[in-house]
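In this text, all values refer to a predicted model and were calculated from it rather than measured experimentally. Numbers for residues simply follow the sequence, beginning at 1.
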Amino acid sequence: MGRRRPGTPTLEEVAARARVGRGTVSRVINNAAGVKESTRRTVQQAIEELGYVPNLAARSLAGRRADAVALVMTEPDWRQFAEPFFSEIVSSLGDALTDTGIQLLLTLVRSDAERQRFLEYARGGRVDGVLLMSVHAGDPLPDMLAEARMPTVLLGRRSGDEYVSYVDADNIGGARSAVSHLLQRGRRVIATITGPLDLYAAQCRLRGYQEALASAGLEGEQTRVAESDFTAESGRHAMAELIERHPDIDGVVAASDTTAAGALEALRAAGRRVPEDVAVIGFDDFPLAQRTEPRLTTVRQPIEEIGRAMVRLLLEEMEEGAVAWRHVILRTELVVRDST
């Protein structure tokens with residue numbers, strides 16, 4: 001009684017034949033992303049050799065899958081959604097989910113009431129996992145989702161002590177390489193325009209700037225630091241303030257390409273030539289960086305890889321359960337153009 005029909009292969013037998021984990025077989029059957037093509041072929045061959053037929057109805061009932069994940073944006077300032085970073089990330093996540101059959105649902109969560117409402121929505125089985133972006137320090141939503149055992153992956157992190165799974169870029173190393181490049185070009189009075197400092201990414205870029213100056217034996221004056229909100233308008237204002245405080249500035253590292261574009265406008269208005277008088281470096285390497293005048297030297301974030309990694313981690317948590325938090329930090333690259 002309850003015995004399997006003779007000759008009916010199981011998922012475990014397919015996994016054993018292909019020498020992979022049960023979760024990998026499941027992802028191949030569901031045509032999910034995150035599986036090497038060679039592994040996919042091996043699993044498919046094992047399925048054919050054993051004659052395994054997935055019981056789709058049973059799998060649906062057992063898993064109660066919604067075949068949807070939520071992309072939650074927590075940025076309270078509507079202006080931020082016009083910035084290139086958001087559209088680039090949404091595009092990369094959508095591309096990573098293309099072959100999975102999973103829908104990407106965009107949701108805005110900006111208040112305590114909206115957090116609670118979304119938590120109830122997610123716990124109600126309407127989504128299988130959550131991708132979180134633009135999470136500021138102290139935001140409780142990742143903790144709420146973790147307590148509800150909802151598969152969740154953050155873009156970036158709230159602090160250096162983050163425990164929820166996340167994918168991030170090497171913001172410290174990226175900023176350090178930008179300052180080092182300016183120093184190699186002979187710049188010595190280097191300022192920085194940060195992002196909002198309640199974002200850990202902005203804190204890390206400031207830290208990389210400070211570490212690079214300290215390593216070169218240069219004192220990083222606090223008055224050479226101006227905060228922005230990643231917009232071009234805030235970049236213009238910050239650059240104008242920096243020029244007024246330090247007329248001898250000969251280099252500036254901005255925390256985003258959009259902020260750097262605003263800084264270029266402020267420098268032109270002040271009669272400063274770029275790069276002859278002041279060299280400028282951005283961060284992101286969006287298409288905007290090649291449309292500025294001059295073209296912008298910038299720190300490239302691997303946006304496509306970030307999207308793929310976030311989806312891969314989320315699918316693993318959805319399929320196999322969270323046995324450990326995953327933390328992935330991807331390398332950045334300095335792209336040298338005409339502004340330095």
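Judged by distance alone, with hydrogens and angles left aside, the side-chain atoms of Glu162 form a donor-acceptor pair with the main-chain N or O of Val164 at under 3.5 Å. With hydrogens and angles disregarded, no donor-acceptor distance shorter than 3.5 Å links the side chain of Thr298 to the backbone of Arg300. The backbone N or O of Asp229 sits nowhere less than 3.5 Å from a side-chain atom of Thr231 that would complete a donor-acceptor pair. A donor-acceptor pair under 3.5 Å links the side-chain atoms of Tyr209 to the main chain of Ile190, judged by distance alone. At least one donor-acceptor pair closer than 3.5 Å links the side chain of Asn171 to the backbone N or O of Ala169. Of the possible donor and acceptor atoms, none in the side chain of Arg295 sits under 3.5 Å from a partner among the backbone N and O of Asp338. Checked by atom type and distance alone, the side chain of Arg268 pairs as donor or acceptor with a backbone atom of Glu293 at under 3.5 Å. Thr39 places no side-chain N or O within donor-acceptor distance of the main-chain N or O of Val35, the cut-off being under 3.5 Å. Counting only distance, with no hydrogens or angles, the side chain of Ser180 and the backbone of Arg176 share a donor-acceptor pair below 3.5 Å.
Using a 30° and 60° split on the angle between ring planes, Phe286 and Phe85 fall in the tilted class, from 30° to 60°.
In this structure, Leu264 CG and Thr292 OG1 are separated by 5.5 Å, a value rounded to the nearest 0.5 Å. In this structure, the separation between CE on Met150 and CE on Met318 is 9.5 Å, given to the nearest 0.5 Å. Atom CG in Asp128 sits 11.5 Å away from atom CD in Gln103 (nearest 0.5 Å). Taking CD1 of Ile243 as the start and CG of Asp277 as the end, the distance is 10.0 Å to the nearest 0.5 Å. The OG atom of Ser228 sits 12.0 Å away from the CE atom of Met239 when rounded to the nearest 0.5 Å. If you take CD on Glu233 and CD on Glu265, they are separated by 10.5 Å, rounding to the nearest 0.5 Å.
With 3.5 Å as the limit, one finds no donor-acceptor pair spanning the side chains of Asp284 and Ser256. Side-chain contact annotation: Ser165 with His327, donor-acceptor N/O pair under 3.5 Å absent. Side-chain atoms of Gln45 and Glu49 include a donor-acceptor pair closer than 3.5 Å.
Under the 4.5 Å side-chain contact rule for hydrophobic residues, Val72 and Met144 share a cluster. Note on Leu50: it clusters hydrophobically with Ile47, by side-chain heavy-atom contacts below 4.5 Å among ILVMFWY residues. Both Ile89 and Phe86 belong to a single network of hydrophobic side chains, linked directly or stepwise wherever heavy atoms of I, L, V, M, F, W or Y lie under 4.5 Å apart. Both Trp325 and Leu141 belong to a common hydrophobic cluster when Ile, Leu, Val, Met, Phe, Trp and Tyr are linked at side-chain heavy-atom distances under 4.5 angstrom. A single hydrophobic cluster is seen to contain both Val328 and Leu71, as judged by linkage of ILVMFWY side chains at heavy-atom distances under 4.5 Å, directly or through other members.
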Between Arg187 and Asp250, is a salt bridge (charged side-chain N to carboxylate O under 4.0 Å, His left out) present by the stated rule, with each step listed? CA-CA 6 Å; Arg187 312 293 170 154; Asp250 60 9; 5.4 Å; no

Between Asp143 and Arg158, does a salt bridge (charged side-chain N to carboxylate O under 4.0 Å, His left out) hold up when you go through it step by step? CA-CA 11 Å; Asp143 304 316; Arg158 293 170 292 176; 3.0 Å; yes

Residues Val280, Thr340; criterion side-chain contact (heavy atoms from CB on, under 4.5 Å); working and verdict: CA-CA 6 Å; Val280 178; Thr340 58; 5.9 Å; no

Using the rule given for side-chain contact (heavy atoms from CB on, under 4.5 Å), can you reason through Arg188 versus Leu183, listing the C-alpha separation, both sets of side-chain angles and the distance that settles it, and then say yes or no? CA-CA 6 Å; Arg188 286 298 178 268; Leu183 292 170; 3.6 Å; yes

Could you go step by step and tell me if Thr297 and Leu334 meet the side-chain contact (heavy atoms from CB on, under 4.5 Å) rule? CA-CA 8 Å; Thr297 293; Leu334 184 69; 4.1 Å; yes

Apply the test side-chain contact (heavy atoms from CB on, under 4.5 Å) to residues Asp170 and Leu330: give CA-CA distance (whole Å), side-chain angles for both, the deciding distance (0.1 Å), then the verdict. CA-CA 6 Å; Asp170 180 11; Leu330 298 175; over 6 Å; no

Evaluation steps, side-chain hydrogen bond (donor to acceptor under 3.5 Å, both in side chains), between Tyr200 and Asp168: CA-CA 10 Å; Tyr200 190 62; Asp168 205 355; over 6 Å; no

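Scanning both residues, Gly251 and Val278, for their nearest heavy atoms gives N-CG1, 3.9 Å. Tyr166 and Val153 make their closest contact through CA-CG1, 4.2 Å (heavy atoms, listed as atom of the first residue, atom of the second, distance). Contact record, Thr152 with Leu145: OG1-CB, 3.5 Å, taken as the closest heavy-atom pair. In terms of heavy atoms, Ser339 sits closest to Pro275 at O-CB, 3.4 Å.
Between Asp285 and Val299 there is no side-chain heavy-atom pair separated by less than 4.5 Å. Two residues are said to be in side-chain contact when any heavy atoms from C-beta on lie closer than 4.5 Å; Thr194 and Thr192 meet this criterion.
Phe283 carries Arg205 over the face of its six-membered ring, with the cationic atom under 6.0 Å from the centre and within 45° of the normal.
Residues Glu120 and Arg123 are not paired through a salt bridge, judged by the lack of any N-O separation under 4.0 Å between the basic side chain and the carboxylate.
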